[in-house]
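Computed from heavy atoms alone, side chains included, the values below leave out hydrogens, waters and symmetry copies. By convention in this document, chain letters (A, B, ...) are assigned in the order of the sequence lines, proteins followed by strands, and residues within each chain are numbered from 1.
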Amino acid sequence: MQTDISHTQSSWMSRHKLDIAPFIFLIPALFFFFIYVVMPIFQSLQLSLYEWNGLYDGDGQSTASFIGLENYRNLWIDPNFWISIKNNLLWLFLYMLAVPVGLLIAIFLNQTVTGIRIYKSLFFFPFVISQVVVGLIFGWFYNPDFGIVAKVWQFFFCEETINFIGNKTVTCARPVPDILSSADYATYGIIFAGLWPQVAYCVILYLTGLNNVAADQIEAGRLDGAKGWKMLWYVVLPQLRPATFIAVAVTVIGALRSFDMIAIMTQGGPYGMTNVLSHYMYEVAISEYGERYGYGSAVATVLFSIMMVFISYFLWRMYQDERRGA
Amino acid sequence: MFPRPIERASTTTRVAYQSFLPFALFLWLLPLLAIFLTSMRGAKDINTGNVFGWPTEFKLIENYYTVFAQTEAVKYLINSFMITLPTVAISVSLACLAGYALAVYRFRLALPLFFLFVAGNFVPFQILMVPVRDLSVQTGLYDTIAGQFLFHAAFQTGFCTLFMRNFIKALPFDLIESARVEGVAEWRIFWYIIVPLVRPAIAALAVLIFTFVWNDFFWANVLTQGEQVKPITAGVRALNGQFISNWHLVSAASLLAAVPPVVMFFLMQRHFIAGLTLGAVK
């Protein structure tokens, strides 16, 4: 009897081996991912309906109180929120420049002259270094006293006069702009800095893509008299579609995630004019004025919803590819 | 090949191209050159406003020595390694297992779970921030090294699983099929057949995750408060406050922060690029 039972058990196990195995392989990753990614998303969505300073009372109970849609009502009339939305849109549009610029640089570099491999890898550099460092460097570039921008400006608009005791005075037809302190230009200044590593990323993607463009199609196109832009548009770009898809996806995500540069270069200033949702959320949730976890979560929820639109589209595209592949 | 190879163009074009290349590179890397030059300057240059011109004196070693001697830079660098390396080990191992499950077995949840990992990898950090911070405080992981690498590992598992699953899916399935027919246990198939085959993917993920996590700044701020466990990115910001206007020292510290990912990139460039293109652009 004993052996019979164990026999049926093992045959059940072996019959269902292929049904059980995947979950055993998946459990560790899923467990981690649920705790740190999936659950927090839902907790944040829930928390956006509460007011909470992050504290617990003596019994270890959270002091959060339910306030319904109050946080969202406050967001609606919060000018800083709308400035952040506006800046997010600006980031999104201008960041997209990274894709065509990256393509152009990739085309420029797609040659086989000696040493080109070194050139290519040096062009990738900006992508590898931390955005904190990039933000610091560009902060100096924009410095109105000694930055490169100021130097170029002085060259065009300023005159240096040396009086008889040898003191230098600089008189400018137009004052040197202080880009990062200007409500009008600061965001553009940060986006420009952000484009530098992002373009590098797109260059990497397109160089790999160009490497795999079918040579026979190019030759066929040449025989048909296509060249230059026509060749690029009708023959090359269609083949670069996978690269373009990834370039657009990572650029959109990168634009909406932008945080480091703003935190380093302006901290959202002047007067909150360079805030974007990601930075504004951090500012309201953890700031010297006390923690507002509920309100912060409401900001995060708005950002999350915007990104979900794009993420859903990307997933849908991937799903189409999967079905075609299967 | 597109564009038309320059060798086939006229000599003038070729010469023009080859002389323009270094110039273009110079312009492109100008920010880095500037910071590198500045990290070699003496204080005199900084005080006279010569931040971008040619240095009047070279103090490379002195500057780096000052950064190491007067600040917590060494501590920050060690912290960065202690956060980054476990993250790489955990997330890549978990992703090997999960990617194998999602690529090889046909079950109804395979695609939804795969998309869960993909989507989770793209969400904004802010939607996770408050709960993760709260969880870390509750479990005593706030302001610790482990608290940082556990979170990073979990988050990066999404990206790694995406990559691994696609990589394993592209392997010849007959290998696995024939092993099954031979009666080889599933975990043996994984260990003896799949793992050796996915080595390039492991390498690609290792460099990428290393770079991503090394350069993280947001979570360093959210999950730490003291100097003891800060990584170098947050450290550079702190140094920027400490060395107000001492740009030569801040530059030196910034370059220190940039060196490990740059070295990693140079050593493993091929893998790095394969990883960035998600394996989709071969």
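Looking at B:Ala24, both its backbone and its side chain come within 4.5 Å of chain A, counting heavy atoms on both sides. Using a 4.5 Å cut-off between heavy atoms, B:Asn121 touches chain A through its backbone atoms (N, CA, C, O) alone. For B:Phe151, the parts lying under 4.5 angstrom from a heavy atom of chain A are both the backbone and the side chain. Neither the backbone nor the side chain of B:Arg106 comes within contact range of chain A; no heavy atom of the residue lies under 4.5 Å from a heavy atom of that chain. Heavy atoms of B:Pro260 lying under 4.5 Å from chain A are absent altogether. Proximity to chain A (any heavy atom under 4.5 Å) is restricted, for B:Thr211, to the side chain, taken from C-beta onward.
For the ring-ring contact (aromatic ring centres under 6.0 Å, His included) with A:Phe25, the lone residue among B:Phe190, B:Phe107, B:Trp187 that qualifies is B:Phe190.
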### Message
Quick one, B:Phe125 with A:Phe259, criterion ring-ring contact (aromatic ring centres under 6.0 Å, His included). Give me CA distance, side-chain angles, the key distance, then yes/no.
### Response
CA-CA 10 Å; B:Phe125 294 149; A:Phe259 172 90; 8.8 Å; no

### Audit row: A:Phe127, B:Phe265, ring-ring contact (aromatic ring centres under 6.0 Å, His included) steps and yes/no
CA-CA 10 Å; A:Phe127 177 71; B:Phe265 170 71; 8.6 Å; no

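Between B:Tyr17 and A:Phe108, the distance separating the two ring centers is shorter than 6.0 angstrom. A centroid separation of less than 6.0 Å is found between the aromatic rings of A:Phe125 and B:Phe266.
Within the 4.5 Å cutoff, the side chain of B:Val118 has no heavy atoms near those of the A:Phe314 side chain. For the pair A:Leu256 and B:Pro124, the minimum side-chain heavy-atom distance is 4.5 Å or more. By the 4.5 Å heavy-atom criterion applied to side chains, B:Leu116 and A:Val37 are not counted as neighbours.
Salt bridge status for B:Arg165 with A:Glu322: present, with a side-chain N to carboxylate O gap under 4.0 Å.
With chain B as the partner, the residue from A:Ala300, A:Ala215, A:Ser121 showing the most heavy-atom pairs under 4.5 Å is A:Ser121.
Remark: the backbone N or O of A:Val128 is paired with a side-chain donor or acceptor of B:Asn215 at under 3.5 angstrom.
For the pair B:Phe217 and A:Ile264, the tightest heavy-atom approach, listed with the atom from each and the gap, is CZ-CD1, 4.0 Å.
A distance of 13.5 Å separates CZ in B:Phe155 from OH in A:Tyr36, rounded to the nearest 0.5 Å. The distance from the OG1 atom of B:Thr233 to the CD atom of A:Gln131 is 11.5 Å, given to the nearest 0.5 Å.
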